[in-house]
Student: 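Take a look at this one; I'll ask things after.
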4 protein chains.
Amino acid sequence: MPESNEEILEERPARRREASEERRQRILEAARSCFGELGFAGATVGEIARRAGVSNGLLYQFFRNKEHLFEVVLGEIIRDWVRAMVPREADESAGAALEGMLRRSVDFCRAHPLLPALLRGERGLQLSRIQGASRDRVQPHRDLVASILRRGIEAGEFRADLDVASVADVICQLQSDYSGRAYRRDPAFPDSPEIIDAAVRFMLDAVRVG
Amino acid sequence: MPESNEEILEERPARRREASEERRQRILEAARSCFGELGFAGATVGEIARRAGVSNGLLYQFFRNKEHLFEVVLGEIIRDWVRAMVPREADESAGAALEGMLRRSVDFCRAHPLLPALLRGERGLQLSRIQGASRDRVQPHRDLVASILRRGIEAGEFRADLDVASVADVICQLQSDYSGRAYRRDPAFPDSPEIIDAAVRFMLDAVRVG
Amino acid sequence: MPESNEEILEERPARRREASEERRQRILEAARSCFGELGFAGATVGEIARRAGVSNGLLYQFFRNKEHLFEVVLGEIIRDWVRAMVPREADESAGAALEGMLRRSVDFCRAHPLLPALLRGERGLQLSRIQGASRDRVQPHRDLVASILRRGIEAGEFRADLDVASVADVICQLQSDYSGRAYRRDPAFPDSPEIIDAAVRFMLDAVRVG
Amino acid sequence: MPESNEEILEERPARRREASEERRQRILEAARSCFGELGFAGATVGEIARRAGVSNGLLYQFFRNKEHLFEVVLGEIIRDWVRAMVPREADESAGAALEGMLRRSVDFCRAHPLLPALLRGERGLQLSRIQGASRDRVQPHRDLVASILRRGIEAGEFRADLDVASVADVICQLQSDYSGRAYRRDPAFPDSPEIIDAAVRFMLDAVRVG
DNA sequence: TATGAATGAGGGTTCATTCAT
DNA sequence: AATGAATGAACCCTCATTCAT
């Protein structure tokens, strides 16, 4: 018996914790798919539990209630979304950085179709805390865009008279708009490459010097 | 006696019809406020009836069901929204026409805060017919924007190399974005005059010649 | 002007009464068809009024409520049914009288498919008064059958040891059973000529002397 | 310790399952009494739950909806009814077999007063599947009666010229008629011993040789 | 820790009945 | 006498949440 008593005593809780964490993750994954397909109201706790392969009651050990579960799912996805957008080293010019962000944002949302639910601010539930969580992530991202704008201005690449904060808002808005279209799958709001290209050019033409 | 017999005979039904129509309007008004505040799922038939000062059952004399009521509310508001945006004669230049549209759209939505619910494509209900109704209005509006763009290009006011259709899509998107903010009342997504001004400049800088 | 004042004064009410009676009949006719197709619970006051070509409210001028209307419809049809069954002069023998009654009952019900709803004692409503009305008609009919049985016994045509009252009950039961089948249209309970012939023979074999 | 590990591990669920099964039975019992007294339309889910001493929602864990509950109740009762009627060994003669069936049917229905609701084909609900289920039981019973008739004919006990299939139909009809009277409790349609005796004699006289 | 049976408030909808016109 | 708009109680059913096991 190579293991000491202590290790044995600790091992089981460790296993337990692992198993528990895995179940938590399974629930979150099921919640992502349900909320993404059906929205908050359409998704039922029962269906989430079923897809996670656990009982109804177990959800309430990890999450206060359905809304809390939604908040957590949303918080995680915004975190990942913002992470995915940060400029790469290869984005040397400020314009390339903006373009890269928009394109990576669109790509990310094509792969994670839940995010737009937040971005479009789905209603019908207490959004206060959700908005809070969202704001915590959204504002830093806008600040990042603003810093790129400032870099572009300093480099003489962007117009010197931009209202940096407001323009950052507009750019972030466009990013979420065209990212969200992957989710809507509504032919009236296409996310074809042509449209994305046009949005990129629109954005750059608006900020670049004549 | 200036009234003919016919008019007298029809008078009573006319009174009734008036009263009935007024109640229909009260229901629509209540529905607008409920759907606007609470979304489709959050709004209850009972609350709508309560705010309209009528009984639950009366709603079903005018509207097939809750969803039909929603469709009618939406259809009316999109109709009015599109109407409100059409360029005025005073908008002589193409740029002035675009700016006027965006500003009028924002103003309209400040006064009619339900519209953005459609624009953001609220989920969780049978949207097929709603999307259809929406598309019927949205595409013509995009075409209108496209025609303004073409006028600006011909006048040498806008860049000659614009992808007219796609740029019209982007502009309409921005219009609905900043119009929608009046509805959200989310400080993270402000609709302050500064932001609107910035959005207008952003749009014009993107399409005007250097 | 050949008409006296009195006649004029009376004529209009007379016309009115006629028109009123005609509407009452239209309502009854509509009620027969609705109750027959849909049963008591399935039939709605609105549909009956629609088929009669009158307003909802008018029904309540002629009938206390939906149940009262049902009672009247039922009472009329039982009256007609019992009338239709009375033996014809041509039914010389007692056996021929019984056979004629059963066959005429079946024929009547094929033409008036509501009756069986009563005969089967549809539930779910206050049947007390309805049963009363039914009993008022049903018992006389049983008595009529009993008198035919007695005539057959006296004539040596039927068994002398029949319990006349009880056998009359059984025969009336069979009459309503096979009459009712026209209404059910359930292939499991056919009302084919063969079945009716068999029922007739069964009945006659049961009462005739060896 | 006579119990194996497996048994111990299963014991707790077993308790639960027992309790659950008992509640299911209480619901079925309550449904029987409600449907029997009030019919399908008259019985409400709320009243059934109240009589069963459970919540409204629990019914929907066991049964898809009200109609499904009705189907199950009906299926069980028909199954038991057909079982109760099968001839006993003591019924040596064919006539005794027929008499026994009718009397046992009546006795069964006195104890299970819902059955006749099916037999009378209550309307106003989707009867397709119910009729199917019923037919599945009813026709075999008719076949059983037909085989008894054939046995009686072969034994010289019954008339040789009977139309076996049709006569079986008539006999089954009489069985359900007089069985159903226990349910109606309508003095106009008595199920007194005298009436039952008369029905038995009627049936036997109709099939026995002169 | 994990289950899932059980709860019950609340949803949308129907429809017999009334009453102002 | 006749209308039909209006009522509102009652229906069936869903589902987030709890708790005995």
Side-chain angles (χ1 to χ4, degrees), chain A residues 13 16-17 19-20 23 41-50 54-69, chain B residues 11-17 19-21 23-24 41-49 53-69, chain C residues 13 16-17 19-20 23-24 41-50 54-69, chain D residues 11-17 19-21 23-24 41-49 53-67 69:
Chain A
R16 287 266 211 134
R17 221 179 312 140
S20 178
R23 290 189 143 171
T44 67
V45 170
E47 176 63 12
I48 292 171
R50 203 190 59 74
V54 302
S55 70
N56 255 8
L58 189 57
L59 270 71
Y60 291 84
Q61 299 245 341
F62 293 115
F63 308 98
R64 220 163 15 258
N65 52 31
K66 189 185 174 187
E67 194 179 326
H68 180 214
L69 174 58
Chain B
E11 196 186 6
R12 247 199 285 183
R15 285 269 166 82
R16 296 265 268 175
R17 221 182 314 140
S20 180
E21 178 56 24
R23 292 192 144 175
R24 206 187 105 103
T44 69
V45 169
E47 176 62 12
I48 292 172
V54 302
S55 69
N56 263 12
L58 188 58
L59 269 70
Y60 291 86
Q61 295 230 347
F62 294 115
F63 308 99
R64 230 174 351 272
N65 51 32
K66 187 186 174 188
E67 194 177 329
H68 181 214
L69 174 56
Chain C
R16 289 268 212 132
R17 220 180 311 139
S20 177
R23 291 191 143 169
R24 205 185 105 103
T44 69
V45 169
E47 176 64 12
I48 292 170
R50 203 191 59 75
V54 301
S55 70
N56 255 7
L58 189 58
L59 269 71
Y60 291 84
Q61 299 242 344
F62 294 115
F63 307 98
R64 219 165 12 262
N65 52 30
K66 188 185 173 188
E67 194 178 327
H68 179 214
L69 174 57
Chain D
E11 194 184 7
R12 247 199 285 183
R15 284 269 167 81
R16 296 266 267 175
R17 221 182 314 141
S20 178
E21 178 56 24
R23 292 192 143 172
R24 204 185 108 103
T44 70
V45 169
E47 176 63 12
I48 293 172
V54 301
S55 69
N56 263 11
L58 189 58
L59 269 71
Y60 292 86
Q61 294 230 347
F62 294 115
F63 308 98
R64 230 175 346 274
N65 51 32
K66 188 185 172 188
E67 194 178 327
L69 174 57

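This is a predicted model, so every value here is computed, not measured. When reading the values below, keep in mind they use all heavy atoms of this one structure, side chains included, and skip hydrogens, waters and symmetry mates. Letters A, B, ... mirror the listed sequences (proteins, then strands); counts begin at 1.
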Student: Start at the 5' end of DNA chain E and walk down; is the nucleotide closest to B:Asn65 or to C:Ala43 reached first?
Tutor: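 The residue whose closest nucleotide sits nearer the 5' end is B:Asn65.
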Student: Report the distance from atom OG of C:Ser55 to atom CZ of C:Arg23, rounding to the nearest 0.5 Å.
Tutor: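 One finds 8.0 Å between OG of C:Ser55 and CZ of C:Arg23.
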Student: What pairs with D:Gln61 under side chain to side chain contact (heavy atoms under 4.5 Å, CB included), at least two apart in sequence or on another chain?
Tutor: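 D:Leu58.
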Student: Whole-Å distance between F:dC12 C1' and D:Phe63 CZ?
Tutor: 16 Å
Student: Nearest whole Å is fine: how far is E:dA16 P from C:Arg50 CZ?
Tutor: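 Answer to the nearest Å: 14 Å.
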Student: List the atom of D:Ile48, the atom of D:Leu69, and the distance in Å for their closest heavy-atom pair.
Tutor: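 Minimum heavy-atom separation between D:Ile48 and D:Leu69: CD1-CD2, 4.1 Å.
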Student: Choosing from F:dC15, E:dT13, E:dA16, which nucleotide comes nearest the side chain of C:Val45?
Tutor: E:dA16
Student: Just verifying a value: how many Å separate A:Glu47 CD and A:Arg50 CZ, rounded to the nearest 0.5 Å?
Tutor: 4.5 Å
Student: Quick one, give me the B/S/- string for nucleotides 2-7 of chain F, reading 5' to 3', where B means a protein heavy atom under 4.0 Å from the base and S means that only happens at the primed atoms, P, OP1 or OP2.
Tutor: BBBSBB
Student: I want to check something: taking the side chain as every heavy atom from C-beta on, are B:Asn65 and B:His68 in contact at a cut-off of under 4.5 Å?
Tutor: yes
Student: Let me know the distance between CD of D:Glu67 and C1' of F:dC13, rounded to the nearest Å.
Tutor: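 Atom CD in D:Glu67 sits about 14 Å away from atom C1' in F:dC13.
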Student: With a 4.0 Å cut-off on heavy atoms, is D:Ala49 in touch with a base, just the backbone sugar-phosphate, or nothing at all?
Tutor: nothing
Student: For the pair made of NE2 in A:His68 and C1' in F:dA16, what is the distance, rounded to whole Å?
Tutor: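 A:His68 atom NE2 is separated from F:dA16 atom C1' by 16 Å.
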Student: In whole angstrom, what separates B:Tyr60's OH from E:dG11's P?
Tutor: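 The distance from OH of B:Tyr60 to P of E:dG11 comes to 12 Å, rounded to the nearest Å.
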Student: Please report, rounded to the nearest Å, how far the P atom of F:dA10 is from the NZ atom of D:Lys66.
Tutor: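 To the nearest whole Å, that distance equals 15 Å.
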Student: Tell me the interatomic distance from C:Ile48, atom CD1, to E:dT17, atom P, rounded to whole angstroms.
Tutor: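 The distance from CD1 of C:Ile48 to P of E:dT17 comes to 11 Å, rounded to the nearest Å.
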Student: Taking all non-hydrogen atoms of both residues, which atom of B:Ala49 and which atom of B:Leu59 are closest, and how far apart?
Tutor: CB-CD1, 3.8 Å
Student: For DNA chain E, please output the secondary structure as dot-bracket, reading 5' to 3'. Pairs are Watson-Crick or G-U wobble, both atom distances under 3.5 Å; mark crossing pairs with [ ], other-strand partners with |, unpaired with a dot.
Tutor: .||||||||||||||||||||
Student: Separation of B:Arg64 atom CZ from E:dT14 atom P, in whole Å?
Tutor: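 Going from CZ in B:Arg64 over to P in E:dT14 covers 11 Å.
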